[in-house]
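Here's the structure, in structure tokens; my notes come after.
On a predicted model such as this, the values are computed, not experimentally measured, just so you know. First the proteins, then the strands, lettered A, B, ... as listed; each starts at 1.
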There are 2 protein chains.
Amino acid sequence: MTDKDRPDALRHVPNERAADVLFECFADMINRGVLRDGDPLPPEREIVQTYGVSRTVVREAVLALSNKGLVEARPRFRPVVRKPSYDTAMATVGNVVGRLLQEPGGIYNLFETRIMIEVALARQAAQQPNAKGIEQMRVALAANGAAIEDNVVFYQTDMAFHSALYAMPGNPVLPAIYRAYVSWLEPQWSLMPRQSDRNRGNFHAHTAIFNAIVAQDPDVAEQAVRTHLDAAWQQVRSTFKEEDMP
Amino acid sequence: MTDKDRPDALRHVPNERAADVLFECFADMINRGVLRDGDPLPPEREIVQTYGVSRTVVREAVLALSNKGLVEARPRFRPVVRKPSYDTAMATVGNVVGRLLQEPGGIYNLFETRIMIEVALARQAAQQPNAKGIEQMRVALAANGAAIEDNVVFYQTDMAFHSALYAMPGNPVLPAIYRAYVSWLEPQWSLMPRQSDRNRGNFHAHTAIFNAIVAQDPDVAEQAVRTHLDAAWQQVRSTFKEEDMP
DNA sequence: CACCTAGTTTGGTATGACCAAAACAGGTTA
DNA sequence: TAACCTGTTTTGGTCATACCAAACTAGGTG
């Protein structure tokens with residue numbers, strides 16, 4: 001296979017790995033919609049023919065696509081295109097973040113940013129009330145209150161309530177951030193014993209947050225969020241006897 | 001090469017790719033400090049001998065390490081270990097985020113989260129003043145004021161001032177977030193024409209933020225940040241005639 | 001129509017080879 | 001001694017081929 005036989009995209013690219021060029025090629029196709037979400041990638045041997053590169057290069061390019069979350073590759077299955085979203089962006093860092101959380105204080109560093117963001121969200125929700133968003137919080141809160149006795153359902157509705165807070169501004173980045181928080185902190189949270197009295201306390205905290213937002217009082221909303229999340233942190237901390245509190 | 005000859009780590013791992021196992025192996029070594037920051041990875045052919053796998057597998061594992069930012073691999077150089085940090089985490093998402101920013105409204109979605117965070121930081125700085133942090137802001141502000149006539153230096157000191165805000169809480173996640181913002185939004189900002197009158201306005205905005213923090217007035221600090229960043233967004237918007245404002 | 005089966009496709013791995021650039025080791029020269 | 005040149009070795013990047021096991025497919029069978 002000589003250089004002349006190749007498609008333009010892979011010709012004369014000095015000091016750049018062929019696999020990287022091929023990666024960019026497919027990334028662009030995914031980005032421009034030529035390859036749509038859910039489509040399978042062509043078979044490796046077909047890509048070899050099309051682009052005039054070895055299977056080694058194809059595999060490295062596909063692996064890079066997979067590592068960056070642009071395709072989803074299960075062993076022995078054709079890779080499936082996943083249109084990039086803020087969720088996939090968060091997922092790609094999951095590995096690194098997971099290791100950072102193991103360092104002393106790592107978990108609290110992350111949780112502190114969550115407190116900061118949820119405080120900001122609550123203040124903003126109180127200052128710029130949004131009928132649809134408040135309604136979503138209302139139903140989430142009601143479902144949360146109805147599930148106090150059921151630890152599993154309470155956990156789900158708890159997340160749904162917080163999720164409604166992140167959805168308030170209508171910015172797609174924020175819900176993705178929340179889902180990332182949940183997936184990263186979930187290993188700690190899920191091991192924490194759930195009890196209906198704790199559920200009751202958390203529900204009351206949610207109610208206080210919601211009421212402050214409805215009352216359009218950002219200061220009270222901020223304090224309610226801080227109280228709630230600080231308490232949640234204390235629960236986690238007491239469960240694991242971690243010594244990495246600030 | 002039979003299964004018996006291999007190290008335990010790579011034996012009997014059903015339905016899991018050998019490359020993934022090898023990746024985890026090296027990721028753990030980096031995480032536990034066996035491979036320290038700056039160390040070069042062993043040569044591929046040596047890894048082949050040590051772990052009893054083919055070079056294909058080794059290359060895929062190294063590529064995965066590279067894609068996740070655990071090692072830095074330049075063409076024809078030995079990969080160098082990079083201890084995972086929140087910065088590398090941000091860098092790995094850079095590719096995906098870059099594509100998301102090209103979508104309509106993408107840039108503002110990201111910038112809105114920056115406004116939200118800097119508002120929260122300013123409020124927190126005003127509420128929980130920190131002598132060392134305030135001193136750092138003071139020197140950053142002074143340097144900023146001295147550079148009004150020099151667009152290049154003003155840009156640098158501008159970033160240093162905001163960076164000081166992110167450094168205030170002492171949480172290593174926050175400065176990494178700021179650096180990520182800068183690197184992602186830099187393509188837009190750097191093309192924007194810099195003028196000394198704009199510099200003067202920005203410096204006054206920085207001064208207002210700083211004074212409000214020193215005065216321990218979170219509401220004024222919040223408003224100062226909003227005014228500053230909204231103005232900055234208007235500058236960007238007018239420069240590029242983007243139609244994706246909220 | 002459901003179910004089983006044999007052949008085909010396809011991703012995962014192993015092996016060996018070659019190239020170009022980097023790293024290295026000597027020897028040469030100023 | 002130190003700087004420079006040079007040939008060898010090392011090492012990552014690429015190619016080609018082969019084999020395996022699981023997934024897929026087509027065809028036949030009940």
Side-chain angles (χ1 to χ4, degrees), chain A residues 1-7 9-26 35 38-67 70-82, chain B residues 1-26 35 38-68 70-82:
Chain A
M1 167 73 59
T2 90
D3 227 28
K4 304 291 181 186
D5 304 329
R6 309 185 175 189
L10 293 180
R11 238 183 353 200
H12 272 162
V13 189
N15 204 20
E16 190 155 7
R17 298 178 10 174
D20 291 340
V21 181
L22 189 57
F23 164 81
E24 280 300 330
C25 205
F26 275 92
L35 290 171
D39 288 350
L41 241 50
E44 295 179 353
R45 290 166 175 83
E46 187 179 318
I47 301 176
V48 167
Q49 296 293 324
T50 308
Y51 292 89
V53 291
S54 73
R55 224 180 124 204
T56 311
V57 170
V58 173
R59 285 189 58 75
E60 292 201 357
V62 171
L63 184 60
L65 290 169
S66 172
N67 283 327
L70 276 67
V71 305
E72 187 181 341
R74 292 178 304 161
R76 285 178 291 282
F77 285 82
R78 299 267 288 279
V80 176
V81 172
R82 285 279 167 257
Chain B
M1 167 72 59
T2 91
D3 227 28
K4 303 291 183 187
D5 303 329
R6 308 185 177 192
D8 289 349
L10 293 180
R11 236 181 359 199
H12 271 165
V13 190
N15 204 21
E16 188 154 7
R17 300 178 13 183
D20 291 340
V21 180
L22 189 58
F23 164 80
E24 281 299 331
C25 205
F26 275 93
L35 290 172
D39 287 351
L41 242 50
E44 295 179 353
R45 289 166 176 86
E46 186 179 319
I47 301 175
V48 166
Q49 297 293 324
T50 309
Y51 292 90
V53 292
S54 72
R55 223 178 125 207
T56 312
V57 170
V58 174
R59 286 188 57 75
E60 292 202 357
V62 171
L63 184 61
L65 289 169
S66 171
N67 283 327
K68 298 203 183 296
L70 275 67
V71 304
E72 187 181 343
R74 292 178 305 162
R76 283 179 293 281
F77 285 82
R78 298 267 289 278
V80 175
V81 172
R82 285 277 166 257

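- Across all non-hydrogen atoms, the minimal contact from B:Gly38 to B:Val80 is O-CG1, 3.5 Å.
- Here C:dT9 presents its C1' atom at 12 Å from CD of A:Glu46, a figure rounded to the nearest Å.
- Between A:Ser54 and D:dC15 there is a side-chain N or O to OP1 or OP2 distance below 4.0 Å.
- When each of C:dG12, C:dA14, C:dA21 is scored by its nearest atom to the side-chain atoms of B:Arg76, the top-ranked nucleotide is C:dA21.
- Between D:dT14, D:dA23, C:dA14, one nucleotide has an atom nearer to the side chain of B:Val53 than all others, and that is C:dA14.
- Atom P of nucleotide D:dG12 and atom CG of B:Leu65 are separated by 13 Å, given to the nearest angstrom.
- The shortest distance between side-chain heavy atoms of A:Thr56 and B:Thr56 does not fall below 4.5 Å.
- Note on B:Ala73: nothing from the nucleic acid sits closer than 4.0 angstrom, heavy atoms only.
- Looking only at side-chain heavy atoms (C-beta outward), B:Tyr51 and B:Leu22 come within less than 4.5 Å of each other.
- Taking atom CD on B:Glu44 and atom C1' on C:dT15, their separation rounds to 15 Å, with Å as the unit.
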Close N or O pairs between protein and nucleotides 16-18 of chain C (under 3.5 Å):
unit_1	atom_1	unit_2	atom_2	d
C:dA17	N6	B:Arg55	NH1	3.3

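- Rounding to whole angstrom units, CG of residue B:Asp20 and C1' of C:dT13 are separated by 13 Å.
- Remark: P of D:dT14 and CG of A:Leu22 are 10 Å apart, rounded to the nearest angstrom.
- Proximity note for B:Pro43 (side chain, C-beta onward) versus C:dG11, D:dT11, C:dA14: the nearest is D:dT11.
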Give the table of side-chain donor-acceptor pairs shorter than 3.5 Å for residues 40-47 of chain B, with sequence neighbours excluded, one pair per line with atom names and distance.
unit_1	atom_1	unit_2	atom_2	d
B:Glu44	OE1	B:Arg55	NE	2.9
B:Glu44	OE1	B:Arg55	NH2	3.2
B:Glu44	OE2	B:Arg59	NH1	2.8

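- Taken from CZ in A:Arg82 to CG in A:Leu65, the straight-line distance is 13.5 Å, to the nearest 0.5 Å.
- Computed from coordinates, the A:Glu60 CD to D:dG12 P distance equals 12 Å when rounded to whole Å.
- By the ring-ring contact (aromatic ring centres under 6.0 Å, His included) test, A:Phe23 pairs with no residue at all, sequence neighbours left out.
- The separation between A:Ile47 atom CD1 and C:dT10 atom P is 11 Å, rounded to whole Å.
- The side chain of A:Arg59 lies closest to C:dG12 when the candidates are D:dA22, C:dG12, D:dT14.
- Between the CD atom in A:Glu60 and the CG atom in B:Asn67 there is a gap of 9.5 Å [rounded to 0.5 Å].
- Place A:Thr56 and A:Phe77 on DNA chain D by their nearest nucleotides, and A:Thr56 ends up nearer the 5' end.
- Atom P of nucleotide D:dA23 and atom CZ of A:Arg74 are separated by 9 Å, given to the nearest angstrom.
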